[in-house]
Amino acid sequence: MTLRRWLRSILIAAVVTVVAMTALVVAMTSSGSAADLTYRTLDYDVHIAANGDMTVVQHIDMRLKDRGDGDTRRPWKQLYQQYTLKAKNLTSITNVSVTDRDTGRQYQQIAPQSPSSVDSAQWDAQYANHWYVSDVTDGADSPLPYDAQETAKSLDSGNRTIEVGWNIPATTKADHMRFDVAMTFTGTATAYDDVASIQWEPVGASNQIPIGELSASVHFPKGVTASNSWAWLHFSGRSTTSRDSDGTLHATASDVRNGQYLDLVTIFDVAATKGITRSVAGDAKTRIMRDEAAQERAWQDSQRARARRVLITAIIAGVLGLALVCLGLAAAIRSNRDAQYRGDVEYWRDPPEMSPASAAALLAIMQPVPAKRIASRQLAATVMSLASKHAIAMLPGAVEDYQGLDVMNMPAQEVSAVMRQRLDPRRKRASTNTVAILPVARNNRGMLRLSESEEGALQLLEAASQRLNSPVFDLKGMQRSFSGWQEGVKVQGRYQAAVDNEFAALGATSSTGIWARVSGGCGLALAALCAVTVAVSGQLALALLVAGPLCFGSCVVLAAARSVSLSARGQVLAGQVVGLQRYLEQFSDFSERDVDDLVLWDRYLVYAVAFGISGTVLRQMAKMNPHLADPQWLDAYAGTSLMYWLYRPYLWASPAFAGDGVISDAAQAAAAGSLSANVGDIGAQLSSSFADLSHTIQLASPSSSSGSGSGMFSGGGFGGMSGGSGGGSFGGR
């Protein structure tokens, strides 16, 4: 396996892996971001009074997305928060205030009003810049006036849902809208004989508005310090907890998703309280601390078991994936070895036992090239082969250059003599070739002994001839004739089928790399399964750590593996192809060939085109065979050879002849040197032309929750129970 193929496989694998892992990260981190309304940040500043009431001030930064649908606009007009009043933990909400931090405007109270029935102009003039509070227990469409005292008296008969909202000017969208919203929660505390307890739930399980970053600072009443207060944070996501020496609690929660609740549980010395309305006899500190410790322990146990399952899954996937990659790499290396010639043939001096198209295909198995390049080499070599068998004539330049000449019947020497007089040798000839379909192709085709691929190529040229209504045409004209011609696809398809069938009939290849493909495919499937399973569990870093290398290794295996190898028969034929390629490139004894070998020289050039080395061969032949730089020799002996039109045009402006009409040795040497430096690459030119023709025709590490268990409020939160005061739920209309 070549270094180039390894580097190509590694590059492909790296690109695929980066794309796949980026997609995984985006998918996992963008979940929930599609909500029309989101809280970018939500900062709480809370003061607990001696009577247990909580003064809650929120600093909100929210984003409102455009809810337009075509020509229909649905501007935002109203933002709200809903809380649940319960007799056991929250009896009323009072002292509401709303301030627009962007404008500094303090909103005033107004009666609740649904924005759906009010147009934007009237809304902005009459309702915007106000706040309201209403009872929406029976639904937001049926708001009732809210009376704090009367509602508190009725809580024994059932809970009530209270909405605190504020009307904003009609807004299509906003990246940032900032508000300060304050209110007082009363009846949140319960006094026991030893401690007072509060469970506050700023965000409840019913909330559907994502919150990017939530932070809270909770201040205790005078007399409460870190030594006589305890607290716990119930949150299943990523969080931090800490406290000051005076007992003030600080908590943060990142990426609060839809449906995630956050509860703060705290107990503090009851001696620091006064006037708590709800009291229960008996001590509660030990019970609450024991209960919180049990919840934290259960949460940690479940997280630990979950983390172990995830880690075991990752380890198993990693080990199995490593085994698959190693097996796949071994199979890929073997598949590449099976696609190489392993015989002892060094040079092969005769044409191989196959057509030029098949030789190009066989060499491409050992020396891979892009499929389009193989196809253009095959067609160019096959057309050159038709010329070597005299089914066609191949002349340099455009068909217009030969107007008035019967190139189908005139000897090549006569055509050359006319062209030498007609064309300025200093003028650059058109980068195309003229094809003349000779009468023998029509009148006595059997004597040409064409292979299946050569017959298909000749039919392709005949189709162009019919389209152009002329047996003489150039390749650019052929390309134009096929442009937009739907039947051209069928004609080309018949030629390609002939090439494929001919190569298949050789029996030179067999399938290989099956285990490499199986291993690579299973590795990719395992990487995808591991990535999804581990990432969904919250371990994005671990998912990347395991799935990334596994994906990369599997892609290297798939990209490096070969699917076609050489059969036993293919090894024999490959020796002929590789041996001839070496011989043509090195020309160890090519200079010993004489005029009797011109037919063999033609076949050499045909296979040089098939191998993609025609330019090298033409220049080497010019260096090692001085006759090719002698126009008299070419006119005398090579008129019926491919050699003639590949070399003679370069000598139309040949050096001065000696007095006897024979080119001098010095002039001949100079001509040979010039010829070898400037002679064109007929294979590259034809390949490019036929490539254009074909184009025209086809047109995270494991997360953990930990805490002290003693209520010291450090180490982060855990997924304890919900149901605290408020059960906040946010929204907008």
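The first residue of the sequence shown is numbered 1, and numbering continues consecutively from there.
- Tyr341 places a side-chain N or O within 3.5 Å of a backbone atom of Val345 that can act as its donor or acceptor partner.
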Take Arg480 and Leu468 through the side chain to side chain contact (heavy atoms under 4.5 Å, CB included) test and state the conclusion after the steps.
CA-CA 9 Å; Arg480 289 192 298 271; Leu468 294 167; over 6 Å; no
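- Side-chain contact between Gln340 and Met366 is present, with heavy atoms from C-beta onward closer than 4.5 Å.
- Here the closest heavy-atom approach between residue Pro356 and residue Ala610 is recorded as O-CB, 3.5 Å.
- Ion pair Glu487/Lys490 flagged as a salt bridge, since at least one NZ, NE, NH1 or NH2 atom sits closer than 4.0 Å to an Asp/Glu carboxylate oxygen.
- For the pair Arg467 and Trp485, the cation sits on the ring face: its NZ or CZ lies under 6.0 Å from the ring centre, inside 45° of the axis.
- Side-chain atoms of Ser565 and Ser510 include a donor-acceptor pair closer than 3.5 Å.
- Looking at Leu506, Leu573, Thr382 one by one, the single match for side chain to side chain contact (heavy atoms under 4.5 Å, CB included) with Ser358 turns out to be Leu506.
- Between the side chain of Asn336 and the backbone N or O of Ala332 there is at least one donor-acceptor pair closer than 3.5 Å.
- Remark: the backbone N or O of Val415 is not paired with any side-chain donor or acceptor of Arg420 at under 3.5 angstrom.
- The local environment of CE in Met408 is crowded, with over 12 non-hydrogen atoms from other residues, nucleotides or ligands closer than 6.0 Å.
- Of the possible donor and acceptor atoms, one in the side chain of Ser567 sits under 3.5 Å from a partner among the backbone N and O of Ala508.
- Using modelled atom types, no side-chain atom of Ser416 and backbone atom of Gln413 make a donor-acceptor pair closer than 3.5 Å.
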After noting the C-alpha distance and the side-chain angles of Arg377 and Val609, does the key distance pass the side chain to side chain contact (heavy atoms under 4.5 Å, CB included) rule?
CA-CA 7 Å; Arg377 282 182 186 176; Val609 171; 5.8 Å; no
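- When all heavy atoms are compared, the tightest approach of Thr434 to Ala398 is OG1-C, 3.2 Å.
- The shortest distance between side-chain heavy atoms of Glu452 and Ser355 does not fall below 4.5 Å.
- The closest side-chain heavy-atom distance from Trp6 to Ile333 is below 4.5 Å.
- Using a 4.5 Å cut-off on side-chain heavy atoms (C-beta onward), Met478 and Val435 make no contact.
- Side chains of Val577 and Tyr607 form no contact here, defined as non-hydrogen atoms less than 4.5 Å apart.
- Residues Val499 and Ala357 come closest through the heavy atom pair CG1-CB, 4.1 Å.
- Of the possible donor and acceptor atoms, one in the side chain of Arg67 sits under 3.5 Å from a partner among the backbone N and O of Arg74.
- Of the possible polar contacts, one joining the Ser376 side chain to the Arg373 backbone as a donor-acceptor pair under 3.5 Å is found.
- Arg517 and Ser563 share no donor-acceptor pair across their side chains, judged by distance under 3.5 Å alone.
- Going from atom CG of Leu544 over to atom CG of Leu24 covers 5.5 Å, rounded to the nearest 0.5 Å.
- Residues Gly521 and Leu558 share a closest heavy-atom pair of N-CD2, 3.9 Å.
- Atoms CG and CH2, on Leu395 and Trp645 in that order, are 5.0 Å from each other to the nearest 0.5 Å.
- Here the CH2 atom belonging to Trp515 is positioned 12.5 Å from the CZ atom belonging to Arg334, to the nearest 0.5 angstrom.
- Remark: Leu524 CG to Phe552 CZ distance equals 12.5 Å, nearest 0.5 Å.
- Residues Val491 and Gln459 are not in side-chain contact: their nearest non-hydrogen atoms beyond the backbone lie 4.5 Å or more apart.
- In this structure, Thr509 and Phe503 have side chains that are in contact, with non-hydrogen atoms separated by less than 4.5 Å.
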Between Gln496 and Asp500, does the side chain to side chain contact (heavy atoms under 4.5 Å, CB included) criterion hold? Intermediate values first, please.
CA-CA 6 Å; Gln496 191 59 52; Asp500 296 340; 3.1 Å; yes
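- Across all non-hydrogen atoms, the minimal contact from Asn433 to Pro396 is ND2-CA, 3.9 Å.
- For the residue pair Gln378/Ser453, the side-chain donor-acceptor check at 3.5 Å is not satisfied.
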Take Glu400 and Lys476 through the test salt bridge (charged side-chain N to carboxylate O under 4.0 Å, His left out) and record every step on the way to the result.
CA-CA 12 Å; Glu400 291 81 5; Lys476 287 188 176 179; over 6 Å; no
Given Lys389 and Arg603, is the side chain to side chain contact (heavy atoms under 4.5 Å, CB included) satisfied, shown in steps?
CA-CA 9 Å; Lys389 291 184 175 182; Arg603 298 308 292 172; 4.1 Å; yes
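- Proximity of a side-chain donor or acceptor of Gln479 to a complementary backbone N or O of Asp474 within less than 3.5 Å is not detected.
- Considering all non-hydrogen atoms of both residues, Leu550 and Gly321 come closest at CD1-CA, 3.3 Å.
- For the pair Glu462 and Arg445, the salt-bridge criterion is met [side-chain N within less than 4.0 Å of a carboxylate O].
- Under a 3.5 Å cut-off, the side chain of Thr17 and the backbone N or O of Ala13 do form a donor-acceptor pair.
- A side-chain donor-acceptor contact under 3.5 Å links Asp602 and Ser641.
- For CG of Asn469, the number of neighbouring non-hydrogen atoms (other residues, nucleotides, ligands) closer than 6.0 Å is 12 at most.
- Looking only at side-chain heavy atoms (C-beta outward), Leu327 and Val518 stay at 4.5 Å or farther from each other.
- In the model, Glu502 has a side-chain atom that pairs as donor or acceptor with a side-chain atom of Ser451 under 3.5 Å.
- A cation-pi arrangement is present between Arg349 and Tyr583 under the rule of less than 6.0 angstrom and at most 45 degrees off the ring axis.
- We find that Glu455 and Arg449 are not joined by a salt bridge, their nearest charged nitrogen and carboxylate oxygen being 4.0 Å or further apart.
- Gln492 contributes atom CD, which lies 8.0 Å from atom CZ of Phe482 (distance to the nearest 0.5 angstrom).
- Taking CG from Leu618 and CG from Leu605, the interatomic distance works out to 5.5 Å, rounded to the nearest 0.5 Å.
- In terms of modelled atom types and a separation under 3.5 Å, the side chain of Asp401 and the main chain of Gly397 share no donor-acceptor contact.
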